[in-house]
Q: 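Shown below is the structure under consideration.
We're numbering straight along the sequence, starting at 1.
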Amino acid sequence: MAPLTLSVDVKSSSATSHDVSKRVMQSSQLKINKGFFASVNTQEDKPFDFFRTLFEGFIAGGTAGVVVETALYPIDTIKTRLQAARGGGKIVLKGLYSGLAGNIAGVLPASALFVGVYEPTKQKLLKTFPDHLSAVAHLTAGAIGGLAASLIRVPTEVVKQRMQTGQFTSAPSAVRMIASKEGFRGLYAGYRSFLLRDLPFDAIQFCIYEQLCLGYKKAARRELSDPENALIGAFAGALTGAVTTPLDVIKTRLMVQGSAKQYQGIVDCVQTIVREEGAPALLKGIGPRVLWIGIGGSIFFGVLESTKRTLAQRRPNTVKETKEE
């Protein structure tokens with residue numbers, strides 16, 4: 001009977017072990033699948049390296065920003081000229097790359113600063129907030145990143161749009177003339193309207209992108225490829241671009257008005273546009289904007305994720321950790 005008893009104990013032990021393992025897996029799956037907005041954190045046991053995340057964010061963001069700006073600058077120029085034209089003004093299609101060099105000089109540090117702030121802020125917030133509030137973490141991180149980047153983005157945008165509308169022929173002369181005629185504040189013309197547009201834009205775009213990526217990963221049970229990241233980025237960009245077009249029109253009008261002061265602020269700008277041109281004027285340039293930001297989102301997030309992955313592979317022990325996972 002001893003061998004029989006031994007056989008029964010082994011099976012019982014094996015079955016118990018199997019049940020425990022099964023319950024652990026089910027518990028883990030329940031935790032991961034808690035709502036659509038759950039944050040799947042596969043690196044809970046790994047220490048958070050703030051400075052490395054900051055550095056990699058700077059590199060990835062700067063790279064993605066420059067690639068997008070260079071590729072899509074003509075579309076942005078057409079969009080700006082459409083929005084700046086009052087009434088039935090004609091759109092000039094010459095000099096579509098006017099101001100590109102000066103703009104890249106601002107886009108590079110601005111994009112680097114945005115992603116450099118966004119990534120560590122996102123990681124910290126995801127560890128602080130419950131899993132089902134990951135969307136709030138992404139929204140908040142996007143707004144904080146946008147606020148930091150606005151210090152560089154706004155002067156860059158002012159100079160770029162003045163050049164796109166033919167007011168200046170070079171970035172250095174634009175900076176000198178704006179500063180001499182309007183003072184330092186002239187370089188931050190439309191700052192509040194810029195924040196009104198860009199903070200919601202950054203928060204919504206990155207939240208949509210991150211949440212769609214999380215949902216896709218959970219459904220596919222694997223990491224996403226670069227084309228998949230690019231496709232999700234295109235959708236997030238196009239949708240956010242369409243929704244925020246009225247804010248973009250207001251920002252453009254306030255930035256390009258110069259010392260003429262046609263508008264006395266955001267509210268006056270909206271009232272004047274609606275009164276003189278009708279409410280549809282607030283959607284001027286929506287076609288080029290959606291096209292530009294949709295394609296731009298595709299390129300930006302595709303390059304961003306690819307660069308982040310390349311930098312991650314260069315970390316010490318990355319290969320070993322990947323194999324163990």
Q: Would you say the side chain of E119 lies within less than 4.5 Å of the side chain of L54, judging by non-hydrogen atoms?
A: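 With C-beta onward as the side chain, the pair stays apart.
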Q: Please walk me through it: do T240 and Q205 pass side-chain hydrogen bond (donor to acceptor under 3.5 Å, both in side chains)?
A: CA-CA 6 Å; T240 310; Q205 182 185 31; 5.7 Å; no
Q: Let me see the working for Q257 and Y263 under side-chain hydrogen bond (donor to acceptor under 3.5 Å, both in side chains), right down to the final yes or no.
A: CA-CA 8 Å; Q257 68 177 337; Y263 310 107; over 6 Å; no
Q: Answer yes or no: is there a donor N or O on one side and an acceptor on the other, between the side chain of S150 and the main chain of L147, under 3.5 Å?
A: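 Present.
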Q: Kindly give the heavy-atom pair with the smallest separation between A135 and C207, and that separation in Å.
A: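 For A135 and C207, the tightest heavy-atom pair comes out as O-SG, 3.6 Å.
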Q: Anything under 30° is parallel, anything over 60° is perpendicular, the rest tilted; go ahead and classify F114 against Y118.
A: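 The arrangement is parallel - the two ring planes meet at less than 30°.
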Q: side-chain hydrogen bond (donor to acceptor under 3.5 Å, both in side chains) between T80 and T77: does it pass, once the steps are laid out?
A: CA-CA 5 Å; T80 298; T77 299; over 6 Å; no
Q: On a heavy-atom basis, which atom in V290 and which in G241 lie closest, and how many Å separate them?
A: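 V290 and G241 have their closest heavy atoms at CG2-C, 4.4 Å.
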Q: So how far is it from S298 OG to D226 CG, rounded to the nearest 0.5 Å?
A: 10.5 Å
Q: What is the minimum heavy-atom distance between G145 and V117, and which atoms define it?
A: CA-CG1, 4.0 Å
Q: Is there side-chain contact between F168 and I178, with at least one heavy-atom pair below 4.5 Å?
A: yes
Q: Under a 4.5 Å side-chain heavy-atom rule over Ile, Leu, Val, Met, Phe, Trp and Tyr, are F206 and W292 clustered together?
A: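 Yes, one cluster joins them.
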Q: Please check if L212 and L304 belong to a single hydrophobic cluster, counting links between Ile, Leu, Val, Met, Phe, Trp and Tyr side chain heavy atoms closer than 4.5 Å.
A: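 As far as the 4.5 Å side-chain criterion goes, L304 and L212 are connected within one cluster.
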Q: Looking at T70 and V67, would you say the former's side chain and the latter's main chain have a donor-acceptor pair under 3.5 Å?
A: no
Q: Are any of the side-chain nitrogens in D198 or K251 under 4.0 Å away from the carboxylate oxygens of its partner?
A: no
Q: For the backbone of K284 and the side chain of Q83, can you confirm whether one donor and one acceptor N or O come within less than 3.5 Å of each other?
A: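 Yes, because the side chain of Q83 sits within donor-acceptor range (under 3.5 Å) of the backbone of K284.
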Q: Looking at T272 and C269, would you say the former's side chain and the latter's main chain have a donor-acceptor pair under 3.5 Å?
A: no
Q: Do I75 and L72 have side-chain heavy atoms sitting under 4.5 Å apart?
A: yes
Q: Pair F58, L108 - check side chain to side chain contact (heavy atoms under 4.5 Å, CB included), show working.
A: CA-CA 9 Å; F58 269 108; L108 176 58; over 6 Å; no
Q: Does any part of the side chain of Y188, heavy atoms only, come nearer than 4.5 Å to the side chain of V158, both counted from C-beta?
A: no
Q: Would I286 and L239 show up in the same hydrophobic cluster when neighbours are defined by side-chain heavy atoms closer than 4.5 Å?
A: no
Q: Would you say the side chain of F301 lies within less than 4.5 Å of the side chain of I232, judging by non-hydrogen atoms?
A: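 In short, these two side chains do not touch, never coming nearer than 4.5 Å.
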Q: Apply the test side-chain hydrogen bond (donor to acceptor under 3.5 Å, both in side chains) to residues Y209 and E305: give CA-CA distance (whole Å), side-chain angles for both, the deciding distance (0.1 Å), then the verdict.
A: CA-CA 12 Å; Y209 172 76; E305 297 295 347; 3.0 Å; yes
Q: Could you grab the distance from atom CG of L100 to atom CD of Q164, nearest 0.5 Å is fine?
A: 9.5 Å
Q: Can R222 and E228 be said to form a salt bridge (Lys or Arg N to Asp or Glu O under 4.0 Å), step by step?
A: CA-CA 12 Å; R222 59 172 174 78; E228 289 169 332; 2.7 Å; yes
Q: When you measure from the side chain of S134 to the backbone of P130, do you find a donor-acceptor pair of N or O atoms at a distance under 3.5 Å?
A: no
Q: Begin from the C-alpha positions of D202 and R153 and carry the test salt bridge (Lys or Arg N to Asp or Glu O under 4.0 Å) through to its verdict.
A: CA-CA 13 Å; D202 290 331; R153 279 177 174 175; 2.8 Å; yes
Q: Can you find a heavy atom in the side chain of L247 that is under 4.5 Å from one in the side chain of S193?
A: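 A side-chain contact is absent here, since even the closest heavy-atom pair is not under 4.5 Å.
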Q: Should R162 and E157 count as an ion pair when the cut-off is N to O under 4.0 Å?
A: no
Q: What heavy-atom pair brings T307 and A60 nearest, and what distance separates the two atoms?
A: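 Smallest heavy-atom distance, with atoms named: CG2-CA, 3.7 Å.
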Q: First locate atom CG of L96, then atom CG of D76, and finally report the distance between them rounded to the nearest 0.5 Å.
A: 10.5 Å
Q: Please name the pair of heavy atoms, one in C213 and one in N229, separated by the smallest distance, quoted to 0.1 Å.
A: SG-OD1, 3.9 Å
Q: In Å, rounded to the nearest 0.5 Å, how long is the span from CG of L125 to CG of L139?
A: 11.0 Å
Q: Taking the basic N atoms (NZ, or NE/NH1/NH2) and the acidic carboxylate oxygens, is any pair closer than 4.0 Å for K308 and E56?
A: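 Salt bridge: no.
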Q: Counting only heavy atoms not in F55 (residues, nucleotides, ligands), do more than 12 fall under 6.0 Å from its CZ?
A: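 No.
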Q: Do L151 and L195 sit in one hydrophobic cluster, given that two such residues count as connected whenever their side-chain heavy atoms are within less than 4.5 Å of each other, even indirectly?
A: yes
Q: Using the rule given for side chain to side chain contact (heavy atoms under 4.5 Å, CB included), can you reason through L224 versus K217, listing the C-alpha separation, both sets of side-chain angles and the distance that settles it, and then say yes or no?
A: CA-CA 7 Å; L224 305 186; K217 286 180 183 178; 3.9 Å; yes
Q: Can you find a heavy atom in the side chain of V249 that is under 4.5 Å from one in the side chain of I273?
A: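 In contact.
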Q: Can you name the closest pair of heavy atoms from A84 and T165 and give their distance?
A: CB-CG2, 3.8 Å
Q: Is there a path from L291 to I299 through hydrophobic residues (I, L, V, M, F, W, Y) whose side chains come within less than 4.5 Å of each other?
A: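 In one cluster with L291: I299, yes.
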Q: Checking R289 side chain against K79 main chain: does a donor-acceptor pair fall under 3.5 Å?
A: no
Q: Taking only Lys NZ, Arg NE, NH1 and NH2, and the carboxylate oxygens of Asp or Glu, determine whether E277 and R253 approach each other closer than 4.0 Å.
A: yes
Q: Check whether any side-chain heavy atom of Y191 sits under 4.5 Å from a side-chain heavy atom of M255, and report yes or no.
A: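 No, every pair of side-chain atoms sits at 4.5 Å or beyond.
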Q: How many angstroms lie between CD1 in I293 and CG in D248, if you round to the nearest 0.5 Å?
A: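 Separation between the atoms: 6.5 Å.
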Q: For atom CZ of R309, is the number of surrounding heavy atoms from other residues, nucleotides or ligands below 6.0 Å larger than 12?
A: yes
Q: How many angstroms lie between CD in Q161 and CG in L254, if you round to the nearest 0.5 Å?
A: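 Between Q161 CD and L254 CG, I get 10.5 Å after rounding to 0.5 Å.
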